[in-house]
Trainee: 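Quick one: this structure, given as structure tokens, is what I'll be asking you about.
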Amino acid sequence: MFQPDRESLPVSDLRALQLQQLQSMVARQYEHVPAYRTKFNEAGVVPGDLKTLGDLQHFPFTRKADLRDHYPLGLSAVPRTDLRRIHASSGTSGKPTVVAYDEHDVNVFEEVVARSLYAAGARPGMVFHNAYGYGLFTGGLGTHGGARRLGLCTVPVSGGGTERQVSLILDLQPEVIACTPSYALVLADALARQGLGPDDISLRYAVLGAEPWAEKTRQEVQTRLGVRATNIYGLSEIIGPGVSNEDASEQHGSYVWEDHFYPEIVDPETGAVLPDGEWGVLVLSSMSRSAMPILRYWTGDITRLIPEQGVTGRTMRRMDLIRGRSDDLIILRGVNVYPTQLEAVLASLGQTSPHYHVTVSRSGLMDELHLQVESSDDSPSLQQEIVRLVKVQVGVSISCELCAPGSLPRSEGGKLRRVTDLREKR
Ligand code: DLL
């Protein structure tokens with residue numbers, strides 16, 4: 001579902017639409033959501049202050065804590081009887097955060113996912129192997145709804161049960177698969193164990209997201225499954241999957257569906273809005289959501305908006321792959337380290353698998369980072385080279401261990417945690 005009237009709007013028309021949607025959103029929040037009225041009062045702003053897009057920077061951020069503080073439905077802007085679906089995100093501690101959708105929101109959700117799947121290469125009539133988890137997580141049901149809107153035939157296999165997934169892929173001949181990038185590799189391993197490779201399966205497109213990944217993983221998934229892989233990004237607070245997606249022909253930056261979601265990149269320390277092209281925290285406003293409109297949500301995800309326009313005719317901005325989360329950020333002896341920087345070093349060497357795990361611990365006053373990575377080469381020289389390159393390229397001293405292929409934890413279909421931090425919080 002390519003919607004040229006929306007996806008290729010002249011930029012000036014798009015900006016006018018965004019301003020109008022944001023104005024109507026803050027007015028609704030002020031009127032219907034007491035928690036937002038309080039936040040606006042504390043920030044000294046009223047809806048009428050939003051006269052240009054530049055004025056948005058004076059409005060407050062929404063953070064995960066706001067959703068937790070108003071658990072479960074305190075940020076809802078519509079009567080409970082209007083709600084049609086509720087999802088929840090587990091979060092790292094305490095209560096889950098809950099997000100609610102009314103009929104209009106479910107429609108928007110389907111529309112943006114249909115657009116995403118189309119950009120990823122899916123076309124009506126294709127069979128869609130959907131290995132995102134079904135349940136409170138938005139991945140399964142969210143992609144399911146968009147696939148139906150686009151006209152795909154969905155196999156709602158959900159996560160886990162890898163051997164059965166392989167059988168279903170062989171028997172039902174899907175052209176499109178959606179799952180986490182780490183799970184795509186698990187499936188490739190399972191196929192390989194049966195002596196099967198890309199020529200033995202029907203898959204052509206993979207829609208990968210829900211966790212950070214890098215180019216090395218893309219190449220590996222593409223080669224081993226015989227697909228074109230694109231990045232789908234999203235989060236439940238804003239809608240779920242389908243905030244943005246790369247185009248399969250371009251594979252460079254995910255188009256943010258900017259007629260529904262307004263992106264800003266801000267400085268992680270000061271919150272100041274940064275120009276396109278600079279790396280910082282992605283902040284999103286769900287302009288068109290009616291049940292639970294969220295203003296300036298601090299996603300914690302580190303990325304940048306690519307300043308140049310893409311080559312697909314779309315005028316919406318593209319966001320780069322997520323480099324890490326601001327709260328995944330490992331501060332090691334004062335140096336900021338994102339796991340994806342370590343991944344990039346490993347990728348540049350090309351002698352390890354994409355499976356790695358980072359453990360941070362403290363001995364005395366010293367923080368230590370231990371990197372485990374799978375490789376069939378366990379020579380001390382490779383190990384030393386990784387330590388040396390991390391020191392040169394990332395600027396930290398680490399210890400490294402080469403592990404046998406298959407020995408590190410694998411995704412069960414859900415998100416894979418790559419970092420274990422054993423330090424007590426200071
Ligand atoms: O993970 C929604 C989703 C489902 C997206 C399926 C894509 C595919 P949450 O559970 O609320 O929602 O988690 C959102 O996951 O803030 C990011 O940190 C991370 N994330 C999601 N997509 C990507 C991606 C879903 N493509 C959080 N790359 C976000 C990197 C991602 N991180």
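Note that this is a predicted model, so its numbers are computed, not measured. The basis for the numbers below is simple: all heavy atoms, side chains too, and nothing from hydrogens, waters or symmetry mates.
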Trainee: Set out, in order, the CA-CA distance, both residues' side-chain angles and the distance that settles salt bridge (charged side-chain N to carboxylate O under 4.0 Å, His left out) for Arg193 and Glu163, then state yes or no.
Mentor: CA-CA 10 Å; Arg193 278 198 298 277; Glu163 298 309 320; 3.5 Å; yes

Trainee: Compute whether any side-chain donor of one residue and acceptor of the other, for Thr303 and Asp301, lie under 3.5 angstrom apart.
Mentor: no

Trainee: Quick one: does any side-chain atom of Gln372 pair with a main-chain N or O of Leu408 as donor and acceptor, under 3.5 Å?
Mentor: no

Trainee: Under 3.5 Å, side chain of Tyr338 to main-chain N/O of Ile302, donor-acceptor pair present?
Mentor: no

Trainee: Looking at Asn107, is its backbone amide N or carbonyl O close enough to the side chain of Glu110 to form a donor-acceptor pair, meaning the two atoms are under 3.5 Å apart?
Mentor: no

Trainee: So, for Val99 and Met292, which heavy atoms are closest and what is the spacing to 0.1 Å?
Mentor: CA-SD, 3.9 Å

Trainee: Just how far is it from atom CD1 of Ile239 to atom OG1 of Thr138, taken to the nearest 0.5 Å?
Mentor: 9.5 Å

Trainee: Run the numbers on Asp320 and Arg304 for side-chain contact (heavy atoms from CB on, under 4.5 Å), then give the verdict.
Mentor: CA-CA 6 Å; Asp320 220 317; Arg304 65 174 188 137; 2.8 Å; yes

Trainee: How long is the straight-line distance from CG of Leu9 back to CZ of Arg15, given to the nearest 0.5 Å?
Mentor: 10.5 Å

Trainee: Say whether, by atom type as modelled, one donor and one acceptor occur between the side chain of Thr359 and the main chain of Thr420 under 3.5 angstrom.
Mentor: no

Trainee: Please report the C-alpha distance between Glu250 and Tyr255 in whole Å, then the side-chain angles of each, then the deciding distance to 0.1 Å, and finally whether the side-chain contact (heavy atoms from CB on, under 4.5 Å) criterion is met.
Mentor: CA-CA 11 Å; Glu250 188 179 54; Tyr255 287 94; 2.9 Å; yes

Trainee: For residues Leu295 and Phe59, report the shortest heavy-atom separation together with the two atoms involved.
Mentor: CD2-CB, 3.9 Å

Trainee: Determine yes or no for a side-chain-to-main-chain donor-acceptor pair under 3.5 angstrom, with Ser116 supplying the side chain and Asn245 the backbone.
Mentor: no

Trainee: Using the rule side-chain contact (heavy atoms from CB on, under 4.5 Å), only one of Asp378, Leu402, Asp377, Leu371 pairs with Gln383; which is it?
Mentor: Leu402

Trainee: Let me confirm one number: the NE2-OG distance from His260 to Ser286, rounded to the nearest 0.5 Å.
Mentor: 11.5 Å

Trainee: Decide yes or no for Glu368 and Ser363: does some side-chain heavy atom of the first lie under 4.5 Å from some side-chain heavy atom of the second?
Mentor: yes

Trainee: Looking at side-chain heavy atoms only, is the closest gap between Met319 and Pro263 below 4.5 Å?
Mentor: no

Trainee: Quick one: sort the Tyr118 and Phe2 rings into parallel, tilted or perpendicular, breaks at 30° and 60°.
Mentor: parallel

Trainee: What distance do Leu172 atom CG and Cys153 atom SG have between them, rounded to the nearest 0.5 Å?
Mentor: 8.0 Å

Trainee: Any ion pair linking Glu264 and Arg296 (charged N to carboxylate O, less than 4.0 Å)?
Mentor: yes

Trainee: Could you pull out the closest heavy-atom pair between Leu83 and Ala291, with the gap in Å?
Mentor: CD2-CB, 3.7 Å

Trainee: Are Leu170 and Gln194 close enough that some pair of their side-chain heavy atoms sits under 4.5 Å apart?
Mentor: yes

Trainee: Is there a side-chain contact between Glu246 and Ser254, using heavy atoms and a 4.5 Å cut-off?
Mentor: yes

Trainee: Look at the side chain of Glu385 and the backbone N and O of Ser381, then say whether any donor-acceptor pair between them is shorter than 3.5 Å.
Mentor: no

Trainee: Looking only at the side chains, is there a donor atom on one of Ser361 and His370 sitting less than 3.5 Å from an acceptor on the other?
Mentor: no

Trainee: Using the six-membered ring wherever Trp is involved, compare the ring planes of Phe109 and His87 and label them parallel, tilted or perpendicular (cut-offs 30° and 60°).
Mentor: perpendicular

Trainee: Measure the OG1-CD distance between Thr217 and Glu215 for me, rounded to the nearest 0.5 Å.
Mentor: 9.0 Å

Trainee: Checking side-chain polar atoms at under 3.5 Å, does Asp247 have a donor or acceptor matched by the opposite partner on Thr312?
Mentor: no

Trainee: Thinking salt bridges, do Arg84 and Asp102 make one under a 4.0 Å N-O criterion?
Mentor: no

Trainee: Could you pull out the closest heavy-atom pair between Ala77 and Val33, with the gap in Å?
Mentor: CB-CG2, 3.7 Å

Trainee: For Ile177, run the side-chain contact (heavy atoms from CB on, under 4.5 Å) check against Val127, Asn130, Leu187 and tell me which one passes.
Mentor: Leu187

Trainee: Answer yes when Glu258 and Arg317 have at least one side-chain N-carboxylate O distance shorter than 4.0 Å, and no when they do not.
Mentor: yes

Trainee: Out of Ile232, Asn231, Val221, which one pairs with Leu208 under the side-chain contact (heavy atoms from CB on, under 4.5 Å) rule?
Mentor: Val221

Trainee: Do the side chains of Arg314 and Trp257 get nearer than 4.5 Å, heavy atoms only?
Mentor: yes

Trainee: Using modelled atom types only, decide if a donor and an acceptor are shared between the side chain of Arg289 and the backbone of Asp105 within a distance under 3.5 Å.
Mentor: no

Trainee: If you count every heavy atom of other residues, nucleotides or ligands that lies below 6.0 Å from Arg148 atom CZ, does the total exceed 12?
Mentor: no

Trainee: Check whether Gln251 reaches the backbone of Ala229 with its side chain - one donor and one acceptor, N or O, closer than 3.5 Å.
Mentor: yes

Trainee: Please answer whether the main-chain N or O of Leu282 pairs with a side-chain N or O of Thr299 as donor and acceptor at a distance below 3.5 Å.
Mentor: yes

Trainee: When you look at Val394 and Val345, which way does the side-chain contact (heavy atoms from CB on, under 4.5 Å) test go after all the steps?
Mentor: CA-CA 8 Å; Val394 188; Val345 169; 4.0 Å; yes

Trainee: Please name the pair of heavy atoms, one in Ala210 and one in Lys415, separated by the smallest distance, quoted to 0.1 Å.
Mentor: O-NZ, 2.8 Å

Trainee: Once you round to the nearest 0.5 Å, how far does CG of Asp69 lie from CG of Leu75?
Mentor: 9.0 Å

Trainee: Do Val337 and Ile398 make a side-chain contact, defined as non-hydrogen atoms from C-beta onward lying under 4.5 Å apart?
Mentor: no

Trainee: Counting distance only, does the side-chain N/O of Ser353 pair as donor-acceptor with the main-chain N or O of His355 below 3.5 Å?
Mentor: yes

Trainee: Determine the minimum heavy-atom distance between Thr180 and Tyr132, stating which atoms define it.
Mentor: N-CE2, 3.6 Å

Trainee: Is the closest side-chain heavy-atom distance between Asp367 and Ile330 below 4.5 Å?
Mentor: no

Trainee: Salt bridge (charged side-chain N to carboxylate O under 4.0 Å, His left out), that's the test. Do Lys64 and Glu237 meet it? Break it down for me.
Mentor: CA-CA 8 Å; Lys64 192 139 200 135; Glu237 290 82 352; 2.7 Å; yes

Trainee: So, are Glu374 and Arg410 salt-bridged, with charged N and O less than 4.0 Å apart?
Mentor: yes

Trainee: Quick one, Cys403 with His357, criterion side-chain contact (heavy atoms from CB on, under 4.5 Å). Give me CA distance, side-chain angles, the key distance, then yes/no.
Mentor: CA-CA 10 Å; Cys403 306; His357 190 83; over 6 Å; no

Trainee: Should Tyr233 and Leu321 count as side-chain neighbours, where that means a heavy-atom distance under 4.5 Å?
Mentor: no

Trainee: Testing the 3.5 Å rule here: is there a donor-acceptor pair between the side chains of Thr162 and Tyr183?
Mentor: yes

